[in-house]
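What follows is one structure encoded as structure tokens, with my remarks underneath.
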Protein chains: 2
Amino acid sequence: MPTLDEYAKPSVAVDLAIMTVIDGDLCVLLVNRPEGDIVGWAMPGGFVHIDEALEDSVQRVLSEKVGTKPIHFEQLATYGALGRDPRSRVISIVYLALCPSEVLGGANLAKVIIDWEGEVGGRVAAQMNGARLPLAFDHAAILGDVVKRLRGKLDYSPIGFALLPKRFTLREVQEIHEAILGKPLKKPPFRRKLLDRGMIVPTGEFETGGAYRPAELYEVKSKE
Amino acid sequence: MPTLDEYAKPSVAVDLAIMTVIDGDLCVLLVNRPEGDIVGWAMPGGFVHIDEALEDSVQRVLSEKVGTKPIHFEQLATYGALGRDPRSRVISIVYLALCPSEVLGGANLAKVIIDWEGEVGGRVAAQMNGARLPLAFDHAAILGDVVKRLRGKLDYSPIGFALLPKRFTLREVQEIHEAILGKPLKKPPFRRKLLDRGMIVPTGEFETGGAYRPAELYEVKSKE
DNA sequence: ATAATAGTGTCTATTAGACAATATCCT
DNA sequence: AGGATATTGTCTAATAGACACTATTAT
């Protein structure tokens with residue numbers, strides 16, 4: 001109930017869409033809601049404290065609930081529909097965070113199943129080990145927006161490299177792009193476009209351990 | 001102060017960047033803050049009520065403070081730095097709204113002066129009748145983001161048409177684009193690109209009243 | 001030698017931009 | 001008729017995509 005001198009305020013939360021690519025599949029880190037509460041899987045999140053900047057809330061949720069630092073994060077959008085959390089009015093500021101899969105060891109990574117392909121305003125499903133996971137709140141729709149943002153920014157921004165280790169082969173970059181776009185790409189044009197962008201430079205070193213011809217390792221060009 | 005069973009909550013507001021183009025200048029609707037309060041000019045805004053969806057807050061602010069309905073509005077971003085409102089912690093969800101200048105009669109429209117040209121993260125200045133207006137809060141930086149969003153979406157989305165009346169000439173479209181991009185465009189390539197997009201259709205009617213040859217009127221193609 | 005992948009060369013289709021020429025309408 | 005703008009035509013540069021080919025390495 002509102003006090004005398006102020007209106008009741010909504011709660012404000014940050015929710016994190018922590019994305020990675022594993023074996024050619026776009027994946028998101030989800031947490032299982034405790035029983036008796038909201039059922040289903042949800043993006044990790046937390047309330048924004050009164051003395052805490054939004055990015056600090058993001059960092060706190062990362063260290064409290066995830067235990068890792070993403071390479072890149074950016075604000076996606078804010079969701080404030082009335083019934084989105086049935087317990088109370090919560091406005092969620094959603095951040096998109098990107099990590100290479102290596103640094104997310106042991107976390108609950110759910111494969112993101114895009115089931116709209118071409119339509120607009122799409123939702124998304126999630127599965128883990130082949131089983132469908134129920135998504136809590138409006139997180140299926142939010143993840144649809146996440147995928148749209150990723151696809152939109154993929155080839156004119158360096159976000160794809162945030163999903164890769166410091167040094168990577170061109171094939172690995174292509175696998176990331178194919179996973180996000182959900183379609184295969186031709187190798188030669190992809191290589192050119194990438195190299196013509198001028199965002200990456202060859203290191204002169206080569207991958208090891210693989211069968212057959214090793215590919216050169218590249219890294220993101222440091223801004224001079 | 002927080003009550004026993006909950007933390008203190010930030011306030012949540014919506015702020016509106018209501019943009020238009022007048023005589024080739026990108027303009028924004030601002031309100032003058034009352035004296036004794038925050039000094040300077042600010043975007044119109046209001047607090048989000050506990051039982052009100054974000055878009056409903058936007059509509060309420062529009063009817064209370066502006067008295068007009070924009071052709072198009074979309075969420076831009078959410079700003080929550082700690083000191084942005086010196087009176088209390090306020091998190092602002094900023095919406096970008098677009099209107100043709102004809103429907104904003106008599107409002108306080110300030111010309112947006114872009115003073116960064118090419119750099120990243122830019123702020124913006126405002127002037128009215130040639131005099132510089134002081135911008136309150138972090139609204140100079142927010143308006144920088146507004147301009148960036150406008151420029152980025154201009155030529156692959158129909159937002160430019162939201163600044164025009166229902167029927168318009170190709171020259172008028174070009175003037176809108178030049179105002180937003182801040183640079184002149186060549187007429188023939190601009191015409192083709194626009195027509196090849198397939199988003200507008202000729203009406204067969206022509207403008208009247210102007211000196212010299214009248215141009216054909218176009219309108220946005222209705223989706224079938 | 002062979003298999004499998006890395007990397008290159010060439011061609012074509014599409015698109016964006018520059019520039020010149022023509023068409024049309026008002027005064 | 002003349003002036004200003006609308007509209008069209010042609011050319012060029014840059015880009016994206018398809019496809020064939022060569023190069024390199026582990027087995």
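Letters go in sequence order (proteins before strands), and every chain restarts at 1.
- As a whole-Å value, the separation of A:L185 CG from D:dA16 P is 13 Å.
- Atoms OH (A:Y212) and P (D:dT22) sit 22 Å apart, rounded to a whole Å.
- A:Q174 has its CD atom 13 Å from the P atom of C:dT5, to the nearest Å.
- Judged by distance alone with a 3.5 Å cut-off, a donor-acceptor contact links the side chain of A:R192 to the base of C:dG9.
- Ring centroids of B:F161 and B:F168 are separated by less than 6.0 Å, placing the two rings close together.
- B:E207 places its CD atom 10 Å from the P atom of C:dC26, with the value rounded to the nearest Å.
- As a whole-Å value, the separation of B:K187 NZ from C:dT22 C1' is 13 Å.
- Within 6.0 Å of CZ on A:R132 lie no more than 12 heavy atoms contributed by other residues, nucleotides or ligands.
- Residue-level contact check: B:R191 touches the bases, meaning some heavy atom is under 4.0 Å from a base atom.
- Rounded to a whole Å, the CG atom of B:L194 is 14 Å from the P atom of D:dA6.
- In A:K69, the NZ atom is crowded: over 12 heavy atoms of neighbouring residues, nucleotides or ligands sit closer than 6.0 Å.
- Distances shown here put every side-chain N or O of B:R197 at or beyond 4.0 Å from the OP1 or OP2 atom of C:dT15.
- Across the protein-nucleic acid pair, B:E205 atom CD and D:dA6 atom P stand 18 Å apart, rounded to whole Å.
- Counting to the nearest Å, the P atom of D:dT15 and the NZ atom of A:K186 are 22 Å from each other.
- Donor-acceptor pairing under 3.5 Å is recorded for the side chains of A:E74 and A:H72.
- Heavy atoms of A:P189 sit under 4.0 angstrom from at least one base atom.
- With hydrogens and angles ignored, no donor-acceptor pair closer than 3.5 Å exists between the side chain of A:R171 and the base of C:dA6.
- Between B:Y218 and A:K193, the residue whose closest nucleotide on DNA chain D is further toward the 5' end is B:Y218.
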